Amino acid sequence: MFSHRWRFGSNRFTEVDLFTDRHETTAETLSQAIRDTAAEEPDADGSVLFGSLQGTVVGLRYYTGVVNRGEMVGLVRQPQNPYDPNAVMVANIYGNQVGHIKRELAAAMASVMDRSLAKVEGVVHSGTKNSFNMPVMLSFWGKEENKTAVIETMARRGYKLNMGGSKPTGTNLKNAFDTLFEGLMESIDGEKEAAKAVGTPLLPHQKQALSWMCARENKSALPPFWEKRGELYYNSLTCFSAKEIPERVRGGILADDMGLGKTLTTIALILTNFHKGKPLPVEECVSVAVHECVCLFFQSECSLSDLCSILIKCLFTCVQEEKSSPMKTKTKAQKASKLQVFLEDLDFAAALGGSASDISSKKKKIAKKATPTPSEFGQCIFSLYVSCTHVLCFLPLSMQDQFEQHVRANVKLNVYLYYGPDRNRSKKFLSSQDVVITTYNVLSADFGNKSPLHGINWLRVVLDEGHVIRNPNAQMSKAVLDLKTQRRWILSGTPIQNSVKDLWMLLAFLRLKPFDVKEWWNRVIQRPVTQGDRAGLQNLQTLVKCITLRRTKSSEVNGRPLVSLPEKTVCVEQVELSQPEREEYELARNEGKNTIGRYVAEGTVLRNYADVLAILMRLRQYCCHPDLLAKTSSDLGSAAATPAELRERMIEKLRLVLASGSDEECSVCLDSVRLPVITRCAHVYCRPCIAQVISNEQVHARCPLCRSEIKTSELVEFPQDEMEEESSTNSEKWRTSSKVQALLGNLLRLRCEDSSIKCLVVSQFTRFLTVLETPLREHGFSFVRLDGNMSQKRRAQVIQEFQSSAADSPAIMLLSLKAGGVGLNLTAASRVFLMDPAWNPATEEQCIDRCHRLGQKKKVVVTKFIVKDSVEESMVKIQRKKQDLVEKAFGPTNTDRKTSRIDDIKALMEL
DNA sequence: ACCGCCGGGTGCC
DNA sequence: ACCGCCGGGTGCC
């Protein structure tokens, strides 16, 4: 497990080097080795203490590692040691070797450790008394079933394990743990204004967050548990001390609730805190700047000298651009000469009336910047914005939207979306960007494959929705940990999902020493906390408090609520089907009921799940509008066809199911499904997850959910660009439906009452949105449409148009339920019409939150249209049941999910 | 003296 | 290491 890094046999020089070299370089290798060993260890959760014994550490004088009284040490097997294959090395927290365990004891320990019967931990209670050896208290930990084997192995060689007196308190600290992230606001001191380039004004709590983030990046306060003792820095948790100031964490966790503006605050940070607390130098589009400055001058908010400097800058830029018109990209030399000219404007401005001393100090500061050192320019000016999403192609786009939205239009910020097959992999190019946005998937796909992102020394890496990478064994997490950067941030609305365990990945990413090495994390935090040790929990709390800022929607600042969202009311409007609609619906319903009833009787519901969902889909579509049904599905029940046709129909059905957005989580990884594929039995998994299952079980592969046979060839992928064919074909044959009329009634009434109110009209069926376009156009509504198929450019355009407050801006947005990521901001709307119920109520909530969020000034009214006596009503009932379940306890387990599905279907069909 | 004793060299694994 | 251990020098009292 560890030998791969210590290859002695093959190379004599390595052998000599590693064991005679006393310089710090070994420490690096050593901590890496410890890290590697620890990473493969199982979690410390289930470990019990077998006993302890006093041992001896020898050979202290050969190594640089020092230890204090009470300090913890690590014990690492060294099977390739040329003098003794049983060697056990002793190292301190920083991974510096301290010595070896005495030979005879090492032999006994090796026999235990090599068979993974126990982990051995050491504490040096007495400290170092002489320079040759010292006593160490060794404690043996492992699984209960290995206890006797360990005790016997040690006893056989003459070592008796004693049970120490201190037993874990065992109190239940679960509740205390739940409150871990509460009351984390004490560390906030003051507010900070964002740099000018940030276009959106920050709210007070966002200025506080910005101030806190800048302080975390710039201030050199000691990390938690460190104190200065004389000339040394001492860690009170591990008792480790060092001459050098401990490496501090530049960054932390911003764990504010959703909707408090984490993204905006982060964008403000990127622009405001570039180098030594100074903002990111960005170029302004001068003509706009001049205009603004002249305005400010007349409002006497801008001095004459400022105005002059801007004017000169403008002049200069025009000349410069004239000279170098064919070359759009600016070289460093050009940038520097530009700055040089800027200095001259300042002089000129000073001559015109600015205070001379003031100007000269300004000049000095700028002069410093004008001659950038390679490290300042070549390495530091770039921020990486890593983000992630369930539907991976959406969120980075919306992140890019957010930059466009929050950065002043006159500021030229180079934001590159590192995504897609044609992404520019040039390190040089990426390094020249101000911000690079990518997804966890792209990052991990590149990892280990000459990844350009891993070859750049970033200034700052921000992990959006950072809780997603909580599993440290995942490739994605490893890829993230391997990024090189000075500053590290994690944005997360839910910092701890299940347990203390999830925190480790976050701390490891932040490089909070020594906890980034799993062994120390386990020993100092995780095990004490899971075993109910109050001090351990206290330490964890201190730790989290130091690096985390978390406010909730109900938090208060200076006695005032952080954000007060306007009231939201949700009402359900029942829709009665017309006589012909009802007849058509009942026909389909009876047919479906018969089919499903047969499946229920045969017990083959899950095996024919795709068919079942397709039937339900048809009914749901009938409820909206009869034309939603794809023409192809009308002949579904018809007689025999060729196998190829059958398969074609099957795929069509599956596509229908997937496109309907019945959002699922993958039962293999238990996370939101990524790269969704659907099986023949209509269960949705991540492609990599199910491919793993199939390759494990080979020919006998069965669906993990219903045990139907599955084949790779039958997996159907999520259709990326679906249903684009028909848009204007049947506009002359357009007909209405009860639901369309219900919506129109509301919209017309609203236009009379208050024409300034903007609406979201939401449906899961993009086809329905298309149907709705006709009557909206006829009644003279101005509207835009946003769905998942639109190009990012078009999306940004549409959002901007809709959000605009101009008189001729669109009043209605036709929105596909799942279009856009969580970041999508549609606060211009205050009225929401949900045209059809979703399987998952949370999806509806999320959609509503796109307008009921920070920045919403008006009361929000939501109307849900539900067709009376239909499958929609049954869906609402099931929604409510699920909501109760979620509120009562945790979600249903995987096993009863199966049965509850069947129950759901029976309820839906009134069987 | 195939011992004992002395005192210098030496020292992790 | 103010130890133990090794091995060479040495040798009545």
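Keep in mind that this is a model prediction, so the values were computed, not measured. Numbers restart at 1 for each chain; the letters A, B, ... are given by sequence-line order, proteins then strands.
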Provide the distance between the two [atom1] atoms, one in [N] and one in [M], to the nearest whole Å.
| N | M | atom1 | result |
| --- | --- | --- | --- |
| B/dC12 | B/dG8 | C1' | 22 Å |
| C/dA1 | C/dC5 | C1' | 12 Å |
| B/dG11 | C/dG4 | C1' | 10 Å |

Exercise for review: Identify whether the distance between the nearest side-chain nitrogen and carboxylate oxygen of A/K119 and A/E519 falls below 4.0 Å.
Suggested key: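 Salt bridge absent between A/K119 and A/E519.
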Taking atom [atom2] of [N] as reference, at what distance in whole Å does atom [atom1] of [X] sit?
| X | N | atom1 | atom2 | result |
| --- | --- | --- | --- | --- |
| A/N81 | B/dC13 | CG | C1' | 5 Å |
| A/Q80 | B/dC13 | CD | C1' | 14 Å |
| A/H100 | B/dC12 | NE2 | P | 11 Å |
| A/M109 | B/dC13 | CE | P | 13 Å |
| A/K102 | B/dC12 | NZ | P | 10 Å |
| A/R103 | C/dC5 | CZ | P | 16 Å |

Check your understanding: Tell me, do A/L459 and A/Q486 make a side-chain contact under 4.5 Å, heavy atoms counted?
Key ->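 A/L459 vs A/Q486: side chains touch.
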Practice item. Keeping the roles fixed (side chain from A/Y233, backbone from A/W226), state whether a donor-acceptor pair exists under 3.5 Å. Key: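 Checked: no pair found.
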Review point. Under 4.0 angstrom, heavy atoms only, what part of the nucleic acid is A/I101 near: base, sugar-phosphate, or nothing?
Key: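 Sugar-phosphate, backbone atoms only, no base.
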Check your understanding: By side-chain contact (heavy atoms from CB on, under 4.5 Å), which residues pair with A/N449, not counting sequence neighbours?
Key ->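 In terms of side-chain contact (heavy atoms from CB on, under 4.5 Å), with neighbours along the sequence ignored, A/N449 is linked to no residue.
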Check your understanding: Can A/Y62 be classed as stacking with the base of B/dC12, given a centroid separation cut-off of 5.5 Å and a plane angle cut-off of 30°?
Key ->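 Stack criterion met.
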Point to revise | Face-to-face contact A/F132 to B/dG11 six-ring, under 5.5 Å, under 30° | key: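 No, A/F132 does not stack on the base of B/dG11, since the centre distance and plane angle fail the 5.5 Å and 30° test.
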Check your understanding: What does B/dA1 pair with, Watson-Crick or G-U, if both distances are under 3.5 Å?
Key ->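 Checking every strand shown, B/dA1 finds no partner, since no pair has both distances under 3.5 Å.
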